[in-house]
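Notes for the one structure printed next.
All chains are named by letter (A, B, ...) in the order of the sequence lines, taking the proteins before the strands, and each is independently numbered beginning at 1.
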Amino acid sequence: MKFNERVYLIVRKIPKGKVSTYKQIAEKLNCRAYRAVGNALNKNKDKNIYCHRVVKSNGEIGGFNRGRKEKIRLLKKEGVEAVNNKIDLKKFGYKIK
DNA sequence: CTAATGACCATTA
DNA sequence: ATAATGGCCATTA
């Protein structure tokens, strides 16, 4: 379960009002485990982790264990505007350290 | 061990 | 724009 912990660690770093993509997180970890990242977040239900700040590479919302609607709501609440269920990564994308 | 699954990605038609 | 294809990796059955 080392993988999950790393994922959470990264996700935790995402500041409010910004988002990141599964791919970027994966790249920061191993380089190509996009899917594994998604899987990890799906299983995890820790509220301390901002799973909703992770979206697809193309800017789409992606999935969410509580439904994409809820995900959008949470993001909007933090100042991230979702247009047509998509997010402008140029503006809200967080460059991972 | 193998096989199937998934909150994915990129390319091609 | 959508649909199909192949690839990718960790987890789970």
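The two residues A:Lys45 and A:Asn42 make their nearest non-hydrogen contact at CE-O, 4.1 Å. Pairing each heavy atom of A:Asn44 with each of A:Cys51, the nearest pair is ND2-SG, 4.4 Å. A:Tyr22 and A:Tyr34 get closest at one heavy-atom pair: CB-O, 4.2 Å.
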> A:Lys13 and A:Lys97: side chain to side chain contact (heavy atoms under 4.5 Å, CB included), yes or no, with the steps?
Replying inline: CA-CA 9 Å; A:Lys13 286 187 192 163; A:Lys97 180 173 80 164; 4.3 Å; yes
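A:Lys23 contributes no side-chain N or O that, together with a main-chain N or O of A:Lys56, makes up a donor-acceptor pair within less than 3.5 Å. Under the 3.5 Å distance criterion, the side-chain polar atoms of A:Asn30 are left unmatched by any main-chain donor or acceptor of A:Arg32. Judged by distance alone, the side chain of A:Asp88 and the main-chain N or O of A:Lys90 form a donor-acceptor pair under 3.5 Å. Between the side chain of A:Lys71 and the backbone N or O of A:Val54, at least one donor-acceptor pair lies under 3.5 Å.
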> Given the rule that a pair is Watson-Crick or G-U wobble with both distances under 3.5 Å, how would you write DNA chain C in dot-bracket, using | for pairs to a different strand?
Replying inline: .||||||.|||||
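To the nearest angstrom, P of B:dC8 lies 13 Å from CZ of A:Arg68. The separation between A:Glu60 atom CD and B:dC9 atom P is 9 Å, rounded to whole Å. Atom CG of A:Asn58 is separated from atom P of C:dA3 by 15 Å (rounded to the nearest Å). One interatomic measurement links the two molecules: CD1 of A:Ile72 to C1' of B:dA7, which rounds to 13 Å at whole-angstrom precision.
Transitive grouping of hydrophobic side chains (ILVMFWY, heavy atoms separated by less than 4.5 Å) brings A:Ile96 and A:Phe3 into a common cluster.
Contacts of A:Arg35 classified as side chain to side chain contact (heavy atoms under 4.5 Å, CB included), with partners at least two apart in sequence or in another chain: none. With sequence neighbours excluded, the residues that form a side chain to side chain contact (heavy atoms under 4.5 Å, CB included) with A:Arg66 are A:Phe64, A:Glu70.
Note on A:Arg53 versus A:Glu78: salt bridge recorded, some NZ/NE/NH1/NH2 to OD/OE distance being below 4.0 Å.
Across residues 44-56 of chain A, A:Cys51, A:Lys56 each have a non-hydrogen atom less than 4.0 Å from an atom of DNA chain B (numbered order). Of the residues in residues 13-25 of chain A, A:Tyr22, A:Lys23 come within less than 4.0 Å of DNA chain B through at least one heavy atom, sorted by number.
Applying side chain to side chain contact (heavy atoms under 4.5 Å, CB included) to A:Tyr8 and the options A:Ile10, A:Asn4, A:Val11 leaves one that passes, A:Asn4.
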> If the sugar-phosphate is the primed atoms plus P, OP1 and OP2 and the base is the rest, what is the B/S/- string for nucleotides 7-13 of chain C, using protein heavy atoms under 4.0 Å?
Replying inline: BBBSSS-
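For the pair A:Lys69 and B:dA7, the criterion of a side-chain N or O lying under 4.0 Å from OP1 or OP2 is not met.
Only the P atoms considered, B:dA7 is 22 Å distant from C:dG7, to the nearest whole Å.
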